[in-house]
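This is a predicted model, so every value here is computed, not measured. Counting starts at 1 for both ligands and their atoms, following the listed order. Along the sequence shown, residues are numbered consecutively beginning with 1.
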Amino acid sequence: MKKYTIKRQAIEIDISSMSIDYASKLNPAQLSAVTFGKGASLIIAGAGSGKTRTLVYRVAYLVERGIPPTSILLLTFTRKAAQEMLKRAAALTSSRIDSQSGGVEGGTFHSFASRVLREFAQEIGFSPTFTILDRSDSEDVINLIRGRMGLNVRGRRFPKKKTISDIFSKSVSKSTLMSTIVETEFPHFSKEIEPLYELFSEYTQYKQKHMLMDYDDLLVYLVRLLKESEHVAAKLRSRYAYVLVDEYQDTNSLQADIVKNLVGDNGNVMVVGDDSQSIYSFRGADFRNIMDFPELFPQTKIIKLEENYRSTQSILGLANTIIDRARDKYTKVLYTKRKEGHTPALIPLPDESVQSVFVAQKILELREEGVALDDIAVLFRAGFHSFDLEVELKKRNIPYIKHGGFKFMETAHVKDIMAHLKIIVNPSDVVGLERMLLLVDGVGPAAARTIAEQVIVEGVTSKGLLNYTNDKRYGEGITKLAKAISTLENNQMSPADAVTLLTDYYTPLLKKKFDDYPKRLQDLEHLAIITGKYRDFDSFITDMALDPPTDSISDIQREDPDPERLILSTIHSAKGLEWHSVFVIWAAEGYFPTTYAAESVEDIEEELRLMYVAMTRAEENLFITYPVKIITHRGPAYGKASRFVQNIKEEILETWVVEEEWDL
Ligand code: ATP
Ligand code: MG
C-alpha cells in the first residue's frame, strides 16, 4: 500500500483583522495559548484563571482560521460543560459550531469512546449494538456471576458487589494489579485475591458474550482499538486534527493513553487543568497525569496563567491559605486585580436546623440586595448534607435545583423502564431481560434466569418470550410483556413514544411494587419529556448511561415557570462553575473531611483539594458553616470545624457569632 498525504493549510490571516478582538478579551498568556500553532501545549493554572475561557476562544480562533469544526474534538468532564463551551464559542463567531449541527465534536472521554467504538466495534470483536452498563448495572452482573461461582455462601466474608466493582474499576482505571489494589486499599480481603481474579475473568467473558461494556471498558477498548488497529488510529488522527481537553487533572492513565494515541507524535493537542483541583482519584484519576503530560509529548509548550478573574482578593487569600496546607502542590499563588471584597466567614451554628435557617435567611437577604437566586450556590461534600436545608427552602418557597447526589436514573422504576428499552437495541442483554422478567407476576429469580437465558438464544426477544405464554404460573404476565416488546420491535418508534408505551405496560406492575407509586409515575413522565429530545434509541440510551440527568422530579417543579433557582450542588458537580455567593455547609470534622478519609493521607489531601475547589467557586461572598451539635445514630455529638478551616487568622477567615432572636 502506498501512503499519500494531502497537505492542508489554515487560512493565514492577521488576528487583528479577525472578527473577534482577541487581544482585548484575553491577557497575553491566554492570547498566546489561543493563537498557539502546531503541536502539544499544556496550560496549567489555578482556579478562575481563564483556562476554560481560553479553550472557548481557541475553538473560535481555529474556526475563524478556516479549520472545519468537524476536525476539532473538545473533551470535557461533563457533556453539559462541552455544550456550554461550544455555545459560547458559537456566539463569538456568530455561527453554529456545536456537534448537533455537524460541528465540533464535544463531550466526555466516555461518550467519545462509545461513539468511536460503535463505529469500529467489529475491529475488537464487538457488535455496534453493545449495551453500556452503568455502575449499578455492572454491580448486578458481578452479583450474578458471584452467585454462580458459589462465592456468596453464608458465613464467608467475601466482598460485597459494590466493593468488588470498586476493586475491579480501580485496578483497570489505574492500570494497577488487582492484588496491589486489594493489599493497599482492602487489606482485609487479601485472602480473597485468587477468587477475585477468577471472578474478574468470568465477568470479562460474560460481558463479551452478551455484548456489554462497563464504563472502564469503554476506555480500555478504545485504547486497544487505537493501539492495535493502525488504520483506525490513522483515520481518527486525520479526522480530529485538533484535540482540546479541559480539566485534565481529573483524567486517569487510560485517558492519558487515549490522548497520546489519538493525537500521535505530531498532532495538535491542548490540555488545560489545575493539579490543585484534582478531586476524582476515588475513580482512578491521578493528578500526576497533568504533571506527566510533557513526558507524553516531549515538545510540549507549557503556559501558565496566574491572574484570577473570578474572585475577590479576600476569597483568594483564603483559598491560597488552604492550598498552602497541601502536601503535594506544584502551582502558584493566585492574585487578582479585583477589589479586596468581604472577608470570608466561618459560621458555627447550634445545630443542623439552625444552619438551614441561617442559610435560607441569608439567601433571602442576598436576594433583597439584588443577587439573583441562580447566582447563589450552596455546596456540600455529600448529597444527603442538603436534606434538612431542602425542607427549609420548601417551607420558605425558595425554588432550587440540586446537582449531584440523588441520581434520577438510578431509581428502580427508571431502571426498570430503561431495561425494556435496552433489550430492543441489544437483544443479548441478559441482565436487563432478567430484570424485566422479575417484574412479571409469578416469575421468581430462578425462573427469570432460565427464561432469560433461553430467550436470548432465540435472538428476537418477543419471539423467545412466546415460548412461555402458556405457563400457568406466569403465562399471562409474559404475554403482556411479549406484546409490549413486539410492538417496540416492529415499529419505528421515537424514544419518547416508546417510553410512553412502556409506562402504560409498567404502571400496574409499578403500583404493586411500590407504595409511593404516584411520585414514581411522575418521574416516568419526566423521563418521557427527557426522551423527547432524542430521535433514535441508541443515542438516548448511550447518553442516559453516560451522562444521566441527576435532578429528581421532587426538586424540579416542571410547571414552575421561574427559571431563577438557587443551586444546591455537591462539590464534585460544581467543578469549573462560579457564583456570586457561595455557601459551604457541613464544614465539620467527620463530614468534611469525611470519616472515611481520615484513614489515609492521600484521601485527606483530596478532601483538602475539594475544599479548595468549593471556595474558589465564589466571586464575591463565601460563607462556611457547620453545626456544633450533631445528631448521630449513636446520639448527639459535638461537631468541630473542619480541620481545613481551623486556626486561620481572623483577617483571612472571620468567625461569626450567630444569635437568635424571636419575633413574637
Ligand atoms: P476553574 O479552574 O474553576 O475551571 P478556569 O481557569 O477555567 O477556572 P474560567 O472559568 O475560564 O477559569 O474563568 C473564570 C472567570 O474569569 C470567568 O467568568 C471568565 O469569563 C473570566 N475571565 C477569564 N479570563 C478573563 C479575561 N482575560 N478577561 C475578563 N474575564 C476573564
Ligand atoms: Mg474551567
Side-chain angles (χ1 to χ4, degrees), residues 15 20-35 41-61 74-78 80-89 91-92 106 108 244-251 270-280 285 287 290 303-313 315-316 319-320 322-323 329-339 341 374-375 377 379 567 569 571-582 584 609-620 622:
I15 72 159
I20 303 167
D21 182 4
Y22 292 92
S24 78
K25 304 281 185 197
L26 303 161
N27 66 32
Q30 293 171 335
L31 186 65
S32 74
V34 165
T35 57
S41 54
L42 164 67
I43 303 180
I44 183 150
S49 58
K51 297 182 296 296
T52 302
R53 180 182 173 104
T54 299
L55 285 187
V56 169
Y57 276 82
R58 171 101 177 139
V59 170
Y61 175 80
L74 172 65
L75 296 171
T76 54
F77 211 71
T78 61
K80 208 163 141 232
Q83 284 169 347
E84 189 61 36
M85 288 167 74
L86 293 178
K87 215 164 72 193
R88 282 197 261 153
L92 288 174
T108 62
L244 312 172
V245 189
D246 199 3
E247 309 271 7
Y248 193 75
Q249 76 280 357
D250 280 319
T251 53
M270 176 173 286
V271 308
V272 318
D274 175 5
D275 53 286
S276 307
Q277 292 187 66
S278 166
I279 52 175
Y280 274 91
F287 70 95
I290 192 165
I303 299 172
K304 291 198 170 157
L305 308 177
E306 267 145 6
E307 180 170 354
N308 175 295
Y309 289 85
R310 179 179 293 146
S311 315
T312 60
Q313 190 58 50
I315 291 168
L316 292 183
N320 286 333
I322 297 285
I323 206 63
K329 58 179 175 292
Y330 298 86
T331 33
K332 65 260 134 190
V333 172
L334 292 170
Y335 80 95
T336 181
K337 294 194 192 114
R338 295 190 51 187
K339 62 181 188 323
D374 55 2
D375 219 356
L379 306 181
I567 313 295
S569 177
I571 300 165
H572 281 103
S573 301
K575 222 166 78 149
L577 305 176
E578 56 193 17
W579 294 276
H580 177 280
S581 299
V582 168
V584 180
R609 293 192 294 267
L610 201 56
M611 182 62 96
Y612 178 72
V613 169
M615 291 175 170
T616 52
R617 300 308 95 203
E619 294 165 1
E620 299 281 339
L622 176 60

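Taking a 4.0 Å cut-off on heavy atoms, Thr616 fails to register as neighbouring ligand 1. Between Lys25 and ligand 1 there is a heavy-atom distance shorter than 4.0 Å. Using a 4.0 Å heavy-atom cutoff, Ala45 is absent from the residues neighbouring ligand 1. Within the structure, the closest approach of Leu26 to ligand 1 falls below 4.0 Å when heavy atoms are considered.
Across the listed options Glu619, Arg310, Lys51, Arg310 owns the non-hydrogen atom lying nearest to atom 10 (O) of ligand 1. Distances from atom 11 (O) of ligand 1 to the heavy atoms of Arg617, Arg338, Arg53, Arg88 show the closest one on Arg53.
By the 6.0 Å and 45° rule, Lys25 does not stack over the aromatic ring of Tyr57. With Phe287 as the aromatic partner, Arg609 meets the cation-pi criteria of under 6.0 angstrom to the ring centre and within 45 degrees of the ring axis.
Ranking protein heavy atoms by distance to atom 24 (N) of ligand 1, first place goes to Gln30 NE2, 3.0 Å. At the shortest separation from atom 8 (O) of ligand 1 among protein heavy atoms lies Gly48 N, 2.9 Å. Closest to atom 18 (O) of ligand 1, if we only count protein heavy atoms, is Glu578 OE2, 2.5 Å. Of all protein heavy atoms, the one closest to atom 21 (C) of ligand 1 is Tyr309 CB, 3.7 Å. Protein heavy atom at the shortest distance from atom 9 (P) of ligand 1 is Gly50 CA, 3.7 Å.
Each of the atoms 6 (O) of ligand 1 lies under 4.0 Å from some heavy atom of Gly46. Residue contact check: Asn27 has heavy atoms under 4.0 Å from atoms 27 (N) of ligand 1.
Salt-bridge annotation for Glu307 and Arg338: absent, with no side-chain N of the basic residue lying under 4.0 Å from a carboxylate O of the acidic one. A salt bridge links Arg310 with Glu578: at least one charged nitrogen is closer than 4.0 Å to a carboxylate oxygen.
For the atom pair CH2 of Trp579 and CG of Leu379, the computed distance is 5.5 Å after rounding to the nearest 0.5 Å.
A donor-acceptor contact under 3.5 angstrom links the side chains of Asn27 and Tyr309, judged on distance only.
Side chain of Asp375 to main chain of His580: a donor-acceptor pair is present (N/O by atom type, distance under 3.5 Å, no hydrogens or angles). Using a distance-only test at 3.5 Å, with no hydrogens or angles considered, no donor-acceptor pair links the side chain of Asn320 to the main chain of Ile323.
The shortest N/O to N/O separation between Gly576 and ligand 1 does not fall below 3.5 Å.
Nearest heavy atom pair, residue Met615 against residue Ile315, reads O-CG2, 3.6 Å.
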